[in-house]
Amino acid sequence: MIWVQRALFIVIFIIKLINLSRSDCTWNNCPDSSDQETIYVHIVPHTHDDMGWKKTADDYYTGAHPLETLIAGVIYPGVQYVINTVLDELEQDPSRRFSYCETGFLTRWLEDASRTSVEINKLKSFIENGQLEFIGGGWVQPDEAATHYVDLIDQYTLGLRKLQSALGMDCTTPKVAWQIDPFGHSREHANLAVMMGYEGLFFAREHYLEHTMRLQEKKLEFMWDTSDDSKVALNSAIKKLSQIGRDNAADFPKQQVCRAINETDCYAEIGTATKFAISVYNSHIQQQQSLVRIPLYKNFSSVQVLDSEGNAVPSHVIKTHNNTALTGDPQIINKGSTQASLELNFLSDVDPLGFRTYFVNLEENTKSGENIQPDGPVQSETIIQNEYIMLHFDASGRLQIYHDLETNTMYNMTQDFLYYLGYGNVGGNNTGDLDQNSGAYVMRPAAQEAISIAQQFNISMEIVNTSFSMEVRQHFSNWASQTIRLVKGKRYAEFEWTVGPIPDIFYEPFSSKEIITRYSVPSIISNNTFYTDANGRQLIKRVKNFAPDYTYADTEPVSANYYPVNSRIIVSDNQQALVVLTDRSEGGTSLEDGTVELLVHRRTYFDDGFGVGEPLNEMRDGRGLVSGQQDGESFYLSEIRSWVLPSM
C-alpha cells in the first residue's frame, strides 16, 4: 500500500512560510496542524524541469535557444538559473522552503566546471536545516506507461545513488515519490515505490472523470493497493558484464552503437568486413536458444560460423525480406549505406544470465546466387510448421488456421493490418470535445471502424524454408509488410512487421492515420474482458467500456479502451487464451471477444493543442518514418516481433 496525494493546485513561486525553530530534515519541520477547526493549505514550491522536450537537455540546462510561447512571448528557460536563484532566495529568508525533483539536472549543476565549493556547501546547508527537500529522486520523472520495470528501477537507482554519493547525508534520501507530469499512472510504478521505501506518491494527471469524482467526494488523498502481494520482493539486480576481463590487456574490438534505434535505423558497419564476432547475451534465468540473423551486403562463396571453442555452427544464407517498392525508393536508403540483400542465420544456445560469442568468417563469391537458400513455391493453400505448430494460409495470403500439433487442436485465427482515420480539422482550435484533433498527445479516430489495408492492395506472399525455421513473407502494400515465422523448437509463432512511411496520399489526402495490427480467434468468448501488463510485471484486468473507480462515459469508444502494453496482452475464456507478447511498449485493446489489436504506427497532420505546437508528422530525408524493430539486427527497413500463443 502507498499513500497517494493528488495535487489539486501546483504553485511554482517561492513563498514565505511560518518561521520554524528546529533545524532538521524538512519532514521533521512541519508546522503545527493539530487544530481540527482550521483548514491548512500547503503550497509547495518545486521544480518541474523536463530533461528534453521542445529542446535538448543541454539547452534546457544552459538556457540556449529561447522558446516562443503564446502567453509569455519569448522566454529563456535555464535550469542552472533556477537552481542558482532558489539558493539565493533560501539564503535571504530561513523560513522559505523548496522541493527539488530531477537529479539529472542537479548532477549537471554539481559537476559544472565553474561550480565552487562555497555554492555546494550552501546547497548542503539548506538540506541540513530543512529548507531544501529532495522529492522523487530519480534521474527524471519517469514515464509510467511505456517504461519497463527494469528501466524504472535503473533510473531511480542512478538518481538516488548520485544524491548519496554527491551529498551523502540523512536528509538527502527522498521520502515522497513525485510524479506530477507523466500522463497516467501505473500500479506497478507505485508498487516499486513502496518497495524502494517511499512513504507517499504525488501525481497530477488522471482521467478527468476520476478527478471530478475524487474532488466531489473528497478522495484526492487515498490508499493505493499497489499489488496483490506487496511482500513479493524483486529479484536481485544482475551484475553488469565487464567489457574487459581482469587479465586481458588487449584492446577491446570496435563496438557498433545504434544511435537512431528509436527509429529502428541501425546500419551495421560490417559491409566490407570478412571476419567479425557476434556476442549473444541471455538476460533470462533459463537456457535460451535463439535464431540469430545477421545482415550481409554481398554474396560470399564460403560462410563459416564458429563457437568460442572453434567448433563449426550450422548456418544458412537467405535473401532478406525486402519490400521492393519501399527499398527501391532512394529516399529510403540510409545515406552513406546500402540495403542488405542477404542475411546469415544460425541458432545460438546461451546459458542463463550468460553470453556466448560466435566468430564469422566470410570469403567473397565471384558467382552470383551461389550459397543462397532458395525461396519455396506458394501454393493455393500454404502451410508452414515446426514440431509444435502448423499455420495455414488461404489463397489470398491471409492467416487462416493455427494448428496446435501437441494437442491436435485447430483454431480459426486471422491477423490483419488496418487503420483508423484520425480526426483532423485545419481550422480546428481544439476547444471542446467535438473539435479535438488527433495528434501527438491524443489518439482520436474520426470513425470507430478500422479499415483493412489489404482491401485496397493485393497481398503477395513468398515462403522461405531452412533447417532452422519456416516463414511466410507477406506484402500488404508498398508500405506494409510482414514475416510470420516458426522457429525450430519454439512453441510460439513470431510476427515481424514493417510499416511506413505512411503515405500522404492514401484514402483521403493528408488525413491522419492510426495503423493497427489485429489478431482474432473467434472461438474465444472473452466477455469484453482482457488483461494487460503493468511495466512488464503485474497483469491488470481490463473491461471494455468500464472504469472501476468512476462512472464510465462512452465518448471515445476506441481510444478510451486503449491501455499501455509493455510486454503482453491476453484475451481468454475458461478453455483457451490468445497471448500476444510484444518486444516494445504499444497501445492495445480488445474491442470484440477473441480479438487483440495493437497500435503500431501513427501519422497526423494537425496539432492537438496540448503543448508541442506541431502535428505528429515526423520526417526523415523528406518522408515519414518507418516503424518497427528487428531484434539484434541492423536493417534500415526493420520490423517488430510479437509472439502469439493461443493456449495457456
Side-chain angles (χ1 to χ4, degrees), residues 321 323 375-419 450-465 469-477 479-488 490-499 515-524 526 568-572 576-583 586 588 590-601 628 639-647:
H321 183 189
N323 188 333
D375 299 341
V378 177
Q379 309 294 336
S380 58
E381 182 189 27
T382 299
I383 296 175
I384 63 173
Q385 72 177 85
N386 63 8
E387 304 95 312
Y388 306 107
I389 300 168
M390 180 183 294
L391 299 180
H392 299 248
F393 298 80
D394 62 21
S396 71
R398 297 175 184 274
L399 177 63
Q400 185 179 34
I401 294 173
Y402 187 115
H403 188 176
D404 185 339
L405 298 178
E406 289 189 283
T407 62
N408 197 27
T409 305
M410 300 180 73
Y411 302 87
N412 290 324
M413 179 177 178
T414 61
Q415 181 271 336
D416 199 3
F417 289 99
L418 309 95
Y419 63 92
I451 303 168
S452 174
I453 292 174
Q455 285 182 358
Q456 302 179 22
F457 301 92
N458 294 322
I459 300 176
S460 62
M461 186 170 63
E462 61 181 343
I463 301 173
V464 176
N465 184 11
S469 66
M470 286 191 72
E471 62 186 44
V472 166
R473 297 173 171 182
Q474 301 167 307
H475 291 175
F476 289 80
S477 75
W479 53 272
S481 56
Q482 177 175 253
T483 297
I484 302 177
R485 180 183 299 109
L486 296 177
V487 179
K488 178 182 177 182
K490 301 298 183 182
R491 288 179 167 85
Y492 51 76
E494 297 181 7
F495 290 70
E496 297 188 17
W497 51 257
T498 302
V499 174
I515 312 299
I516 66 169
T517 180
R518 180 181 289 166
Y519 303 89
S520 178
V521 181
S523 60
I524 297 177
S526 49
R568 57 201 183 276
I569 180 171
I570 302 171
V571 289
S572 64
Q576 54 194 336
L578 169 66
V579 183
V580 181
L581 308 180
T582 65
D583 71 346
E586 301 169 273
S590 176
L591 299 178
E592 301 290 341
D593 277 7
T595 69
V596 164
E597 70 179 58
L598 294 162
L599 182 66
V600 298
H601 202 354
E639 302 154 338
I640 196 163
R641 179 171 297 160
S642 301
W643 293 266
V644 178
L645 304 87
S647 59

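Computed from a predicted model, the values in this text were never measured in an experiment.
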Partner set under side-chain hydrogen bond (donor to acceptor under 3.5 Å, both in side chains) for Q400, not counting sequence neighbours = none

Taking the side chain as every heavy atom from C-beta outward, state whether E494 and V487 have any pair of such atoms under 4.5 Å apart.
-> yes

Write down the atom of I516, the atom of A450, and the distance for their closest heavy-atom approach.
-> CD1-CB, 4.1 Å

With the threshold set at 4.0 Å, does a side-chain nitrogen-carboxylate oxygen contact exist between K488 and E387?
-> no

Examine the side chains of Q415 and S520 and answer whether a donor and an acceptor come within less than 3.5 Å of each other.
-> no

Kindly indicate, with the supporting measurements, whether the criterion side-chain contact (heavy atoms from CB on, under 4.5 Å) is fulfilled by L399 and M413.
-> CA-CA 7 Å; L399 177 63; M413 179 177 178; 4.1 Å; yes

Does Y388 reach the side chain of K490, with side-chain heavy atoms less than 4.5 Å apart?
-> no

I401 side chain reached by Y411 side chain, heavy atoms, under 4.5 Å = no

With rounding to the nearest 0.5 Å, note down the distance linking CG in L591 to CZ in R518.
-> 6.5 Å

Between N386 and L405 the two heavy atoms that sit nearest each other are O-CD1, 3.5 Å

I453 to S477 - nearest heavy-atom pair and separation = CG2-CB, 4.0 Å

Criterion side-chain contact (heavy atoms from CB on, under 4.5 Å) on E496 and R485, from CA distance to verdict | CA-CA 8 Å; E496 297 188 17; R485 180 183 299 109; 2.6 Å; yes

Matching residue for Q482 among H321, Q474, R473 - test: side-chain hydrogen bond (donor to acceptor under 3.5 Å, both in side chains) = Q474

Strictly under 6.0 Å, is that where the ring centroids of Y519 and F495 end up?
-> yes

Correct closest heavy-atom pair for G594 and L578 would be O-CD2, 4.2 Å

Check: I383 and F393 side chains under 4.5 Å, non-hydrogen atoms = no

Output for pair (F476 CZ, S460 OG), nearest 0.5 Å, gives 9.5 Å

Does a side-chain heavy-atom distance below 4.5 Å link I384 with M390?
-> no

Point-to-point distance, once rounded to the nearest 0.5 Å, from CE of M470 to CD1 of I484 | 12.5 Å

If we only count heavy atoms from C-beta on, is the L391 to L486 side-chain gap below 4.5 Å?
-> yes

Could you check if a side-chain atom of T582 sits within less than 4.5 angstrom of a side-chain atom of L598, using non-hydrogen atoms only?
-> yes

Check step by step if side-chain hydrogen bond (donor to acceptor under 3.5 Å, both in side chains) holds for T409 and D404.
-> CA-CA 5 Å; T409 305; D404 185 339; 5.6 Å; no

Quick one: closest heavy-atom pair of R491 and I389, and the distance?
-> C-CD1, 3.5 Å

Minimum-distance pair of heavy atoms, taken over all atoms of E592 and S526 | O-OG, 4.5 Å

Measure the shortest side-chain to side-chain distance between I524 and D593 over non-hydrogen atoms and say whether it is less than 4.5 angstrom.
-> no

Mind checking the OG1-CD spacing from T517 to E586? Nearest 0.5 Å is all I need.
-> 9.0 Å

